[in-house]
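Written below as structure tokens is the structure these notes are about.
Bear in mind the structure is a predicted one, so any value in this text is a computation, not a measurement. Each ligand, and each atom within it, is numbered from 1 in the order the structure gives.
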Amino acid sequence: MRIVVDADLCQGHAVCQDEAPNLFAVPKKGTVQLLAADPADELEAARAAVRYCPTQALSIVEDQ
Ligand code: SF4
């Protein structure tokens with residue numbers, strides 16, 4: 001399981017950082033940086049970040 005960011009969609013709103021500060025960092029001017037690709041330890045926070053990202057730039061994919 002891993003987090004995927006579509007950098008073209010991210011507009012730096014930082015909602016993801018608010019929801020899951022251990023997974024996402026958003027600089028003042030810029031787009032999201034992924035701090036940990038595997039959300040397993042913080043799945044609830046990761047799902048909230050995906051849900052509330054205003055541009056739908058985030059997704060969680062299941063590895064086979
Ligand atoms: S909430 Fe979405 S648009 Fe905002 S910084 Fe995070 S990924 Fe980018």
Quick check: do [X] and [Y] have side-chain heavy atoms less than 4.5 Å from each other?
X: Pro54; Y: Val15; result: yes
X: Val32; Y: Val5; result: yes
X: Leu58; Y: Phe24; result: yes
X: Arg2; Y: Ile60; result: no

query: Would you say Thr31's side chain and Gly12's backbone share a donor-acceptor pair under 3.5 angstrom?
result: no
message: Would the distance check show the side chain of Glu19 and the main-chain N or O of Ala45 forming a donor-acceptor pair, the cut-off being under 3.5 Å?
response: no
Check ligand 1 against [X] and write out every atom of the ligand that is under 4.0 Å from a heavy-atom position of the residue.
X: Leu58; result: 7 (S)
X: Ala14; result: 4 (Fe), 5 (S)
X: Gly12; result: 3 (S), 4 (Fe), 5 (S), 8 (Fe)
X: Val26; result: 5 (S)

message: For Thr55, state whether at least one heavy atom is located under 4.0 Å from any atom of ligand 1.
response: yes
Among protein heavy atoms, which sits nearest to [atom], and what does the distance come to when rounded to 0.1 Å?
atom: atom 1 (S) of ligand 1; answer: Cys16 N, 3.3 Å
atom: atom 2 (Fe) of ligand 1; answer: Cys53 SG, 2.2 Å
atom: atom 4 (Fe) of ligand 1; answer: His13 N, 3.0 Å

- line: Closest non-hydrogen contact found for Ala57 with Cys10 is CB-N, 3.7 Å
query: Which atom pair, heavy atoms only, marks the closest approach of Pro27 to Gln33?
result: CG-NE2, 4.0 Å
query: Does the shortest distance from atom 8 (Fe) of ligand 1 to an N/O/S atom of Cys10 fall below 2.8 Å?
result: yes
field: ligand 1 versus Leu9: contacting region, heavy-atom distance under 4.0 Å
entry: neither
Structural part of Gln11 in contact with ligand 1, heavy atom criterion under 4.0 angstrom: backbone
